[in-house]
Amino acid sequence: AKDPLRVLVTGAAGQIGYALVPMIARGVMLGPDQPVILHMLDIPPAAEALNGVKMELVDAAFPLLKGVVASTDAVEACTGVNVAVMVGGFPRKEGMERKDVMSKNVSIYKSQASALEKHAAKDCKVLVVANPANTNALILKEFAPSIPEKNITCLTRLDHNRALGQISERLSVQVSDVKNVIIWGNHSSTQYPDVNHATVKTEGGEKPVRELVKDDEWLNSEFITTVQQRGAAIIKARKLSSALSAASSACDHIRDWVCGTSEGSWVSMGVYSDGSYNVPAGLIYSFPVTCRNGEWTIVQGLNIDDFSRKKLDLTAQELTEEKTLAYSCLS
Ligand code: NAI
């Protein structure tokens, strides 16, 4: 039998946390033969709720779950973790300035980075979910210099999966037959959901999404805005964030990263830019990636048309501004 892996979930008493921890304990994230020990971190006002989640994890009697650490102490929660899913953060409240929200999150991610740096497993894989996800991940990277930069990522897989879902609904095909959409850039409304390389498996072989949809007008406008604004649409409908799909996508992100993507297909991940596709190096930016042996690689050589180029640049511009704002909160 495999040794258990330790998985940290911060913000574990929140909406996404509540959907995510049972998925991890059932093997959705790391596979059905991988035992896990869950480390859950939240802040003192949520300590009682966090303990309630721990009680439910015990009650659910998950065979793969070999232990639960529920803590409000970052050092205790980060110790020995192999995977860290960072869901905790400071939400934007009505009337708050962008800068104030950024400043709160910068200080949270700075201190949690230090705790991971000192106490997590050396090869710990980090996924930041909490918004602003890309910039929180960048701050985490800056303050955890001993964690390889390739190990620090943010979640855009939810946006990727939303794009697959929209194409599947539009064409009335199975979502599992659609592949190779791309989310470029920021996990925000400037992200660019790109279908120019996406295909659908049909009886007559793989066909480009553009050829099947036959409606460039829809693909270039409504499709893009629907994916960009899906989070807000869910909040409007549920009065709560998209916790179920965020949790499921976080599992997809880690599973593909650890276990590999399937031959001929890629996924979207927010990763540290090396300048590929003329995206400024040093941003955490969502790219198409393939994964093998626990490492991601940016898919190279895709053709970027003028329409796409503008959109890649726009979302990079926003991330550059966020980075500047985040750094101004540090000084
Ligand atoms: P929530 O408010 O229900 O839960 C957040 C939890 O984080 C709370 O339990 C809170 O006490 C905790 N928390 C706050 N500060 C903390 C700290 N310093 N350390 C540890 N825990 C802390 O929010 P929800 O709906 O679970 O969303 C969590 C985050 O995920 C939000 O930032 C949201 O914007 C983001 N999100 C990101 C998505 C993505 O695709 N990247 C999709 C959906 C949400």
Side-chain angles (χ1 to χ4, degrees), residues 1-89 108-109 111-113 115-130 136 140 144 147 151-155 157-158 241 243-259 294:
K2 291 184 176 175
D3 288 335
L5 289 174
R6 293 178 183 271
V7 183
L8 168 68
V9 176
T10 72
Q15 285 288 320
I16 295 176
Y18 191 71
L20 179 59
V21 292
M23 291 183 191
I24 298 171
R26 274 203 179 274
V28 176
M29 177 177 276
L30 292 164
D33 62 348
Q34 177 59 63
V36 291
I37 297 172
L38 268 169
H39 287 221
M40 302 194 295
L41 176 69
D42 212 296
I43 49 177
E48 204 182 343
L50 187 67
N51 196 45
V53 178
K54 180 176 177 179
M55 287 158 70
E56 283 203 76
L57 287 169
V58 171
D59 295 350
F62 295 110
L64 285 173
L65 186 60
K66 302 303 177 191
V68 180
V69 176
S71 180
T72 56
D73 175 44
V75 170
E76 187 189 11
C78 290
T79 299
V81 299
N82 306 100
V83 174
V85 188
M86 314 300 285
V87 185
I108 292 171
Y109 278 82
S111 74
Q112 294 184 354
L116 284 170
E117 157 102 0
K118 293 197 196 83
H119 303 285
K122 288 292 156 245
D123 58 351
C124 178
K125 285 181 157 59
V126 181
L127 166 60
V128 179
V129 176
N136 286 341
L140 198 154
I147 299 179
N151 287 26
I152 296 171
T153 64
C154 82
L155 187 71
R157 182 62 175 271
L158 174 55
S241 71
L244 173 166
S245 49
S248 180
S249 301
C251 291
D252 288 346
H253 176 114
I254 298 287
R255 197 195 49 246
D256 286 346
W257 189 3
V258 172
C259 304

If I take atom [atom1] from residue [X] and atom [atom2] from residue [Y], how far apart are they, to the nearest 0.5 angstrom?
| X | Y | atom1 | atom2 | answer |
| --- | --- | --- | --- | --- |
| Cys78 | Glu117 | SG | CD | 11.5 Å |
| Leu244 | Leu158 | CG | CG | 10.0 Å |
| Thr153 | Trp257 | OG1 | CH2 | 4.0 Å |
| Leu140 | Ile147 | CG | CD1 | 6.5 Å |
| Met23 | Ile16 | CE | CD1 | 10.5 Å |
| Ser248 | Met29 | OG | CE | 10.0 Å |

For a quick test of reading the model, state the closest non-hydrogen atom pair linking [X] to [Y] and the distance between them.
| X | Y | answer |
| --- | --- | --- |
| Val53 | Ala12 | CG2-O, 4.3 Å |
| Pro22 | Gly17 | CD-O, 4.4 Å |
| Ala246 | Leu155 | O-CD2, 4.0 Å |
| Lys54 | Ala70 | CD-CB, 3.9 Å |
| Val68 | Met40 | CG1-CE, 3.9 Å |
| Val128 | Tyr109 | CG1-CE2, 4.2 Å |

I'd like to know if the side chain of [X] and the backbone of [Y] have a donor-acceptor N/O pair within less than 3.5 Å.
| X | Y | value |
| --- | --- | --- |
| His119 | Val75 | no |
| Lys66 | Leu5 | no |
| Ser249 | Ser245 | yes |
| Asn82 | Cys124 | no |
| Thr10 | Gly88 | yes |
| Asp42 | Ala47 | no |
| Asn151 | Asp123 | yes |

Yes or no on side chain to side chain contact (heavy atoms under 4.5 Å, CB included) for Val9 and Leu41, after CA distance, side-chain angles and deciding distance?
CA-CA 6 Å; Val9 176; Leu41 176 69; over 6 Å; no
Counting C-beta onward and ignoring hydrogens, is there a side-chain heavy-atom pair between [X] and [Y] closer than 4.5 Å?
| X | Y | result |
| --- | --- | --- |
| Val85 | Val83 | yes |
| Val81 | Val7 | no |
| Leu8 | Met86 | yes |
| Arg157 | Asp256 | yes |
| Cys251 | Leu20 | yes |
| Leu38 | Val69 | no |

Please indicate whether Arg255 has more than 12 foreign heavy atoms, meaning atoms of other residues, nucleotides or ligands, lying under 6.0 Å from its CZ.
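More than 12 within 6.0 Å, yes.
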With side chain to side chain contact (heavy atoms under 4.5 Å, CB included) as the criterion, how do Leu64 and Arg26 come out once you've worked through the C-alpha distance, each side chain's angles and the decisive distance to 0.1 Å?
CA-CA 7 Å; Leu64 285 173; Arg26 274 203 179 274; 6.0 Å; no
Verify side chain to side chain contact (heavy atoms under 4.5 Å, CB included) between Val36 and Leu30, making sure each step is shown before the conclusion.
CA-CA 8 Å; Val36 291; Leu30 292 164; 3.9 Å; yes
Regarding Ser71 and His39, is there a side-chain donor-to-acceptor distance under 3.5 Å anywhere?
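No donor-acceptor contact under 3.5 Å links the two side chains.
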